[in-house]
Protein chains: 2
Amino acid sequence: MSLRQFEYALAVAQEGSVTAAAELLHVAQPSMSQQIRNLERELGVQLFARTPTGLVPTVVGRAFLREAEAAVSAARRAKRSFHLG
Amino acid sequence: MSLRQFEYALAVAQEGSVTAAAELLHVAQPSMSQQIRNLERELGVQLFARTPTGLVPTVVGRAFLREAEAAVSAARRAKRSFHLG
DNA sequence: TCATTTTACGTCGCGCGTAATGATG
DNA sequence: CATCATTACGCGCGACGTAAAATGA
């Protein structure tokens, strides 16, 4: 369970497909597909429903994505926090 | 820049030394020392001042740690988010 | 047949532990 | 010399990309 996987899941949710999310983040599409599955496997939960045209978040997926968004945002703030103080 | 590194930095800040933080998180002490340095190198900032008795956060370190805490908390909530909805 | 995801597989970076070294009182 | 951190080094896992296969309209 890594920040990178969180970013992947958020991108998939935003783009609606693994393919679009992968090119958005400049990674190979199978790599992203694999990481989404790894994340679901580790959590023991299906985050996305597979449709012929892409992936759509499940109910539990949406709950997860809200927290993942908070985690990624906080991590980005952490990365830049020293620019202020 | 990973969640694990965030947890390491928080543990070091809490415990006041790499040694204590390492045994708290059940990792070898040099491994944690290395990760702290990797984190500082990646950020380009010294997060902790080295003293003979351990490590104490710098000013920028404290700013970083606040955000890191938020990121780790959010990640933990994400991990358990599906237990509710 | 075209768009998608998934599986298979080899590679490479990196996080880890052990051991050795450095630094400080 | 005791106690801390750091450096050195090798191992193993996992994230990645390429290629091939599956699935569906």
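Chain letters run A, B, ... following the sequence lines, proteins first, then strands; residues in each count from 1.
Between the CE atom of A:Met32 and the C1' atom of C:dT4 there is a distance of 15 Å, rounded to whole Å. A straight line from CG of B:Leu25 to P of C:dC16 spans 10 Å, rounded to a whole angstrom. To the nearest angstrom, C1' of D:dC16 lies 15 Å from CD1 of A:Ile36. In this entry the distance linking CD of A:Gln46 with C1' of C:dT5 reads 13 Å, nearest Å. Rounded to a whole Å, the CZ atom of A:Arg4 is 13 Å from the P atom of C:dG15. At whole-Å resolution of the value, CG in B:Leu3 and C1' in D:dG14 are 17 Å apart.
Proximity note for A:Gln29 (side chain, C-beta onward) versus C:dC16, D:dT18, C:dT6: the nearest is C:dT6. In this structure, the nucleotide among C:dG15, C:dT7, D:dT6 sitting nearest to the side chain of A:Gln34 is C:dT7. Out of C:dT5, D:dG17, C:dG17, the shortest distance to the side chain of A:Val18 is found at C:dT5. Closest to the side chain of B:Arg37, from the set D:dG17, C:dG25, D:dT7, is D:dT7. Which of D:dA25, C:dG17, D:dT18 sits closest to the side chain of A:Pro52 comes down to D:dA25. Side chain of B:Gln35, nearest nucleotide from D:dA5, C:dT5, C:dC16: C:dC16. Comparing C:dC16, C:dT5, D:dA5 against the side chain of B:Leu55 picks out D:dA5 as the nearest. Of the candidate nucleotides D:dT18, D:dT6, D:dA25, D:dT18 has the atom nearest to the side chain of A:Pro30.
Contacts of B:Thr51 with the nucleic acid, taken as non-hydrogen atoms under 4.0 Å apart, are absent. Using a 4.0 Å heavy-atom cutoff across all strands shown, B:Tyr8 reaches sugar-phosphate atoms only and no base atom.
Residue B:Ser17 comes nearest to B:Gly54 through the heavy atom pair CB-CA, 4.1 Å, listed as atom of the first residue, atom of the second, then distance.
With respect to B:Arg4 and B:Glu7, a salt bridge is recorded, a charged nitrogen being found less than 4.0 Å from a carboxylate O.
Between B:Asn38 and C:dC14, a side-chain N or O to OP1/OP2 separation shorter than 4.0 Å is absent. Distances shown here put every side-chain N or O of A:Arg50 at or beyond 4.0 Å from the OP1 or OP2 atom of D:dT23. Taking side-chain N and O atoms only, A:Ser17 has no distance below 4.0 Å to OP1 or OP2 of C:dT4. Dashed line: the shortest gap from a side-chain N or O of A:Thr19 to OP1 or OP2 of C:dT5 is under 4.0 Å.
In the model, A:Gln34 has a side-chain atom that pairs as donor or acceptor with a side-chain atom of A:Asn38 under 3.5 Å. With hydrogens and angles left out, the side-chain atoms of A:Glu23 and A:Thr19 include no donor and acceptor closer than 3.5 Å.
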Test B:Phe64 against B:Val45 for side chain to side chain contact (heavy atoms under 4.5 Å, CB included), laying out the working first.
CA-CA 10 Å; B:Phe64 171 87; B:Val45 166; over 6 Å; no
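One cannot find a donor-acceptor pair under 3.5 Å joining the base of C:dG15 and the side-chain atoms of B:Ser31.
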